[in-house]
Peer 1: 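This is the structure I have questions about; it appears just below.
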Amino acid sequence: MEKRNLILSFESSCDETSVAVIENGCKVLANIVATQIKSHQRFGGVVPEVASRHHIEIITTCIKDALEEAGVAYDDFDAVAVTYGPGLVGSLLIGVMAAKAVAFAHHLPLIPVNHMAGHIYAARFVDEIKFPALALLVSGGHTELVYLPRENEFQIIGETRDDAAGEAFDKVGRVLGINYPAGKEIDELAHQGKDTFHFPRAMEKEDNFDFSFSGLKSAFINTVHHAEQIGETLDKADLACSFEASVVDVLAEKTIHALKKFPVKQLILAGGVAANQGLRERLDQELKAFPDVQLLKAPLKLCGDNAAMIGAAGYVGYKHGVRAGLDLNADPSLEFDWINE
Ligand code: KG4
Ligand code: ZN
């Protein structure tokens with residue numbers, strides 16, 4: 001029997017502390033996710049100092065739980081993988097330090113992982129990734145279209161010029177009185193309403209692969225404030241539906257535009273906003289016009305931040321000889337290269 005490769009992976013870029021045990025880059029033996037959402041909710045967003053403090057407090061428990069759940073010991077591992085960016089520097093550093101400590105103490109190679117590559121590789125738990133591929137990456141901090149010409153290569157072809165899609169969901173949620181993070185609740189509300197407000201679809205028809213969501217956010221906030229001033233009550237479900245329809249329209253249109261320009265074998269949908277039902281349904285529909293392109297949606301449970309996806313991406317880096325020394329540092333603004341750079 002072929003030897004199995006086991007990776008211990010760490011994710012702590014924002015407000016989730018997560019440790020996973022991944023076999024051969026595609027099987028989850030454990031994926032412990034300690035979320036801090038409750039601590040940040042009263043502030044309406046993530047407070048960096050609070051986040052790092054929580055990571056420190058919980059990370060060793062997460063390691064212990066992951067090893068226990070997977071039924072493995074440190075000696076069983078082939079490598080340690082860790083998110084080193086992008087994200088909050090204080091948060092990233094906790095995962096990086098923990099991963100380095102394990103790698104040093106147990107003489108294991110250390111694999112640095114870009115958080116966004118991790119999001120893409122969440123799709124690896126559904127099926128093998130076939131190249132070339134295109135990824136629509138939509139999260140709280142990022143919205144980008146990424147071309148993957150071959151394994152372990154990521155090239156940005158377009159990105160948001162202002163707010164990320166998830167950020168827009170969260171800001172609009174605040175106006176609707178919905179707790180942070182608001183995406184899931186707005187999504188549920190949207191399915192009970194109609195697109196009656198017809199908010200703008202920024203840059204939808206432009207011949208590029210960039211996005212913009214700040215105009216939509218402003219249009220939404222102005223509509224709600226104006227109604228408040230004249231004492232009118234707007235239907236929350238219709239507001240949510242109209243907002244989501246605009247976001248989904250723009251994301252879908254730009255992705256289709258990219259599929260026409262970049263013939264690929266797969267379209268990967270990943271990141272926290274990839275859990276959006278409206279977006280998943282819309283891409284299912286649109287992809288019918290591309291019978292040669294397989295739509296690979298990250299599993300719902302692995303759309304948000306987690307270490308399993310870091311283990312899957314880390315395995316690819318491991319196979320390709322990507323290694324970091326014990327001087328690895330967090331890189332809060334780490335980015336993929338642009339396609340023509
Ligand atoms: O990828 P992620 O967990 O964290 C970052 O790396 O940013 O994404 C979190 C974002 C939040 O903005 C949250 O509101 C959004 O994903 N989100 C959703 C849904 N579930 C989570 N947005 C729209 N629809 C959803 N169902
Ligand atoms: Zn993320």
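Because the structure is a prediction, the values reported are computed rather than measured. Atoms within each ligand, like the ligands themselves, are counted from 1 in listed order.
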Peer 1: Test your reading of the model: is there a side-chain donor-acceptor pair from Ser12 to the backbone of Ser91, 3.5 Å cut-off?
Peer 2: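 Looks like yes, one N/O pair under 3.5 Å.
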Peer 1: In terms of the angle between their ring planes, are Phe220 and Phe243 parallel, tilted or perpendicular, with boundaries placed at 30° and 60°?
Peer 2: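 Ring orientation, 0 to 90° scale: perpendicular.
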Peer 1: With a 4.0 Å cut-off on heavy atoms, does Cys14 reach ligand 1?
Peer 2: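 Flag not set, Cys14 not near ligand 1.
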Peer 1: Under 4.0 Å from a heavy atom of Gly304: give me the atoms of ligand 1 that qualify, with their elements.
Peer 2: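 Ligand 1 atoms under the 4.0 Å threshold to Gly304: 3 (O).
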Peer 1: Is it the side chain (CB and beyond), the backbone, both or neither of Asp187 that lies under 4.0 Å from ligand 1, heavy atoms counted?
Peer 2: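 Answer for Asp187: side chain.
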Peer 1: Please check: side-chain N/O of His119 versus main-chain N/O of His115, any donor-acceptor pairing under 3.5 Å?
Peer 2: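 Such a contact is absent between His119 side chain and His115 backbone.
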Peer 1: Using a 4.0 Å cutoff against the non-hydrogen atoms of Ala182, which atoms of ligand 1 qualify?
Peer 2: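 Listed by number with element: 14 (O).
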Peer 1: May I ask you to decide if Ala275's main-chain N or O and Lys184's side chain share a donor-acceptor pair within less than 3.5 Å?
Peer 2: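 Side chain of Lys184 to backbone of Ala275, a donor-acceptor pair under 3.5 Å: no, none is there.
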Peer 1: Will you find, in the side chains of Ser212 and Asp162, an N or O donor that is under 3.5 Å from an N or O acceptor?
Peer 2: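 Short answer, yes.
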Peer 1: Tell me which protein heavy atom sits closest to atom 7 (O) of ligand 1, plus the residue, atom name and distance to 0.1 Å.
Peer 2: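 Of every protein heavy atom, Gly140 N, 2.8 Å lies nearest to atom 7 (O) of ligand 1.
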Peer 1: May I ask you to decide if Ser18's main-chain N or O and Glu11's side chain share a donor-acceptor pair within less than 3.5 Å?
Peer 2: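 Between the backbone of Ser18 and the side chain of Glu11 there is no qualifying donor-acceptor contact (under 3.5 Å).
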Peer 1: If you have a sec, work out which protein heavy atom is nearest atom 12 (O) of ligand 1 and how many Å separate them, to one decimal?
Peer 2: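 Ranking protein heavy atoms by distance from atom 12 (O) of ligand 1, first comes Asp170 OD2, 2.7 Å.
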Peer 1: Run the numbers for me: atoms of ligand 1, each under 4.0 Å from some heavy atom of His115, listed by number.
Peer 2: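 Those atoms are 6 (O).
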Peer 1: May I ask you to check whether Glu335 and Ser333 show a side-chain donor-acceptor distance below 3.5 Å?
Peer 2: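 Not at all, the side chains of Glu335 and Ser333 share no donor-acceptor pair under 3.5 Å.
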Peer 1: Given the Zn ion (ligand 2) as the apex, I'd like the angle to NE2 of His115 and NE2 of His119, rounded to 10 degrees.
Peer 2: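 Once rounded, the angle between the two atoms at the Zn ion (ligand 2) is 90°.
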Peer 1: Taking only Lys NZ, Arg NE, NH1 and NH2, and the carboxylate oxygens of Asp or Glu, determine whether Asp249 and Arg282 approach each other closer than 4.0 Å.
Peer 2: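 Counted as a salt bridge, because a side-chain N and a carboxylate O are separated by less than 4.0 Å.
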Peer 1: Considering only N, O or S atoms, which atom of Asp305 is nearest to the Zn ion (ligand 2)?
Peer 2: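 Among the N, O or S atoms of Asp305, the one closest to the Zn ion (ligand 2) is OD1.
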Peer 1: Look at atom 22 (N) of ligand 1 and say which protein heavy atom is nearest, naming residue and atom and giving the distance to 0.1 Å.
Peer 2: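 The closest heavy atom on the protein side is Gly183 CA, 3.4 Å.
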Peer 1: Which atoms of ligand 1 sit under 4.0 Å from any heavy atom of Gly166?
Peer 2: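 Listed by number with element: 12 (O).
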Peer 1: Do the side chain of Asn24 and the main chain of Asn5 share a donor and acceptor less than 3.5 angstrom apart?
Peer 2: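 Indeed, once roles are kept as given, a pair shorter than 3.5 Å links the two residues.
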Peer 1: Taking only heavy atoms of Gly141, which atoms of ligand 1 are found under 4.0 Å from at least one of them?
Peer 2: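 By the 4.0 Å cutoff, the relevant atoms are 7 (O).
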Peer 1: Where is the nearest protein heavy atom to atom 23 (C) of ligand 1: which residue, which atom, and how far?
Peer 2: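 Ranked first by proximity to atom 23 (C) of ligand 1 is Asn276 ND2, 3.4 Å.
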Peer 1: Nearest heavy atom to atom 13 (C) of ligand 1: which of Ser139, Gly173, Pro181 does it belong to?
Peer 2: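 Selected option, by shortest heavy-atom distance: Pro181.
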Peer 1: Give a yes or no answer on whether the side chain of Lys100 reaches the backbone of Leu326 with a donor-acceptor pair at less than 3.5 Å.
Peer 2: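 Judged by distance alone, yes, a pair lies under 3.5 Å.
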Peer 1: Would you mind checking which non-hydrogen protein atom is closest to atom 2 (P) of ligand 1, with the distance to 0.1 Å?
Peer 2: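 Protein heavy atom at minimum distance: Asp305 OD1, 3.5 Å.
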Peer 1: With heavy-atom distances below 4.0 Å as the criterion, list the atoms of ligand 1 near His119.
Peer 2: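 Counting atoms of ligand 1 from 1, those under 4.0 Å from His119 are 1 (O), 6 (O).
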Peer 1: Do Lys217 and Glu167 come within less than 4.5 Å of each other through their side chains, counting heavy atoms only?
Peer 2: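 No, every pair of side-chain atoms sits at 4.5 Å or beyond.
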Peer 1: Considering only the protein, which heavy-atom contact is closest to atom 21 (C) of ligand 1, and what is its distance?
Peer 2: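 Among all protein heavy atoms, the one nearest atom 21 (C) of ligand 1 is Gly272 O, 3.4 Å.
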Peer 1: So which heavy atom in the protein is nearest atom 15 (C) of ligand 1, and how far is it from that ligand atom?
Peer 2: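 Closest protein heavy atom to atom 15 (C) of ligand 1: Val273 CG2, 3.9 Å.
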